[in-house]
Amino acid sequence: MNSSALRTPIRRSLLCALSALLLLAAWPAPALAHAHLQRATPAAGARLTAVPRELVLTFSEPPTLGMSALRLLGPDSTAIALGTLGHSGGARTLSAAITGRLVAGKYTVVWQTAGDDGHVQHGSYTFVIAEGAEGLAAAAATDTIRRDSTLGPTTGASAPAARDSVAAPLEPNGFDVSSPAYVAIRWLQFASLLALIGAVAFRWWILPRVG
């Protein structure tokens, strides 16, 4: 076999391998972009001088309500009652009214959602309600009046979250779509697939022609 005839199948094989490489390189971008959190109200790391009345989280794509959940944990890690989960801020949002009593301190928002492909994502962030924030005094006075009424103590901060928007227990975790470990594992999967395709192409396309 002359060198010209040999170069043609090798060139074609390399072109196929390069096309597969480009295709695989393009896959992780959308895969790693599944419904990641873009912004939130209250914002992550915010120090609030007014008591928030609603959680609104905006994602990169419309979340599926049936696979989504929100949870608000107070300074003592107890769950704060939330209203019904919805899209009050738009199609790409998850929102829920804060119905439980809030006090000054650090709060954790834990979220779970999934896009149209059903890939579930988890995440969490924190914000702080400052001492003397607007709305705290009114909430404390209302709670005191209710506890002193003839109806007896009300549920207050310890109310069971009957309308909590959490479909299942959620806990903050660091292994989500934005974590370095998750990204590394995804790239390792694609690299392994690419190596397998290259080995098959070399065995069945290149070796027979070289031989």
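For A130, the side chain to side chain contact (heavy atoms under 4.5 Å, CB included) partners are R47, not counting sequence neighbours. For R39, the side chain to side chain contact (heavy atoms under 4.5 Å, CB included) test picks out T58, with sequence neighbours left out. Residues passing the side chain to side chain contact (heavy atoms under 4.5 Å, CB included) test with V103, sequence neighbours excluded: P75, R101, Y107.
V56 belongs to no hydrophobic cluster with other residues, because no ILVMFWY side-chain heavy atom falls under 4.5 Å from its own, directly or through intermediates. Grouping Ile, Leu, Val, Met, Phe, Trp and Tyr residues whose side-chain heavy atoms lie under 4.5 Å apart, directly or via other members, places M67 in a hydrophobic cluster with V120.
Interatomic distance, OG1 of T113 versus CG of L65, reported as 8.0 Å (0.5 Å rounding).
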List the steps, then state whether side chain to side chain contact (heavy atoms under 4.5 Å, CB included) holds for T93 with S88. CA-CA 7 Å; T93 66; S88 68; 5.5 Å; no
Assess the residue pair F59 and L94 against the criterion (side chain to side chain contact (heavy atoms under 4.5 Å, CB included)); give the C-alpha distance rounded to whole Å, side-chain angles, the decisive distance to 0.1 Å, and a yes or no.
CA-CA 8 Å; F59 295 89; L94 286 179; 3.7 Å; yes
Run the side chain to side chain contact (heavy atoms under 4.5 Å, CB included) test on L55 and W111 for me, step by step, so that the C-alpha distance in whole Å, both residues' side-chain angles and the decisive distance to 0.1 Å come before the verdict. CA-CA 11 Å; L55 297 177; W111 58 267; over 6 Å; no
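V128 and V51 end up in different hydrophobic clusters when Ile, Leu, Val, Met, Phe, Trp and Tyr side chains are linked at under 4.5 Å.
Here the closest heavy-atom approach between residue P52 and residue F127 is recorded as CG-CE1, 4.2 Å. Closest approach of L73 and I80 over heavy atoms only: C-CG1, 4.5 Å.
Pairs passing the ring pair (Phe, Tyr, Trp, His ring centres under 6.0 Å) check and including a residue from residues 70-106, sequence neighbours excluded, do not occur.
Side-chain contact of Q112 with R71: a donor-acceptor pair under 3.5 Å is absent, judged by distance alone.
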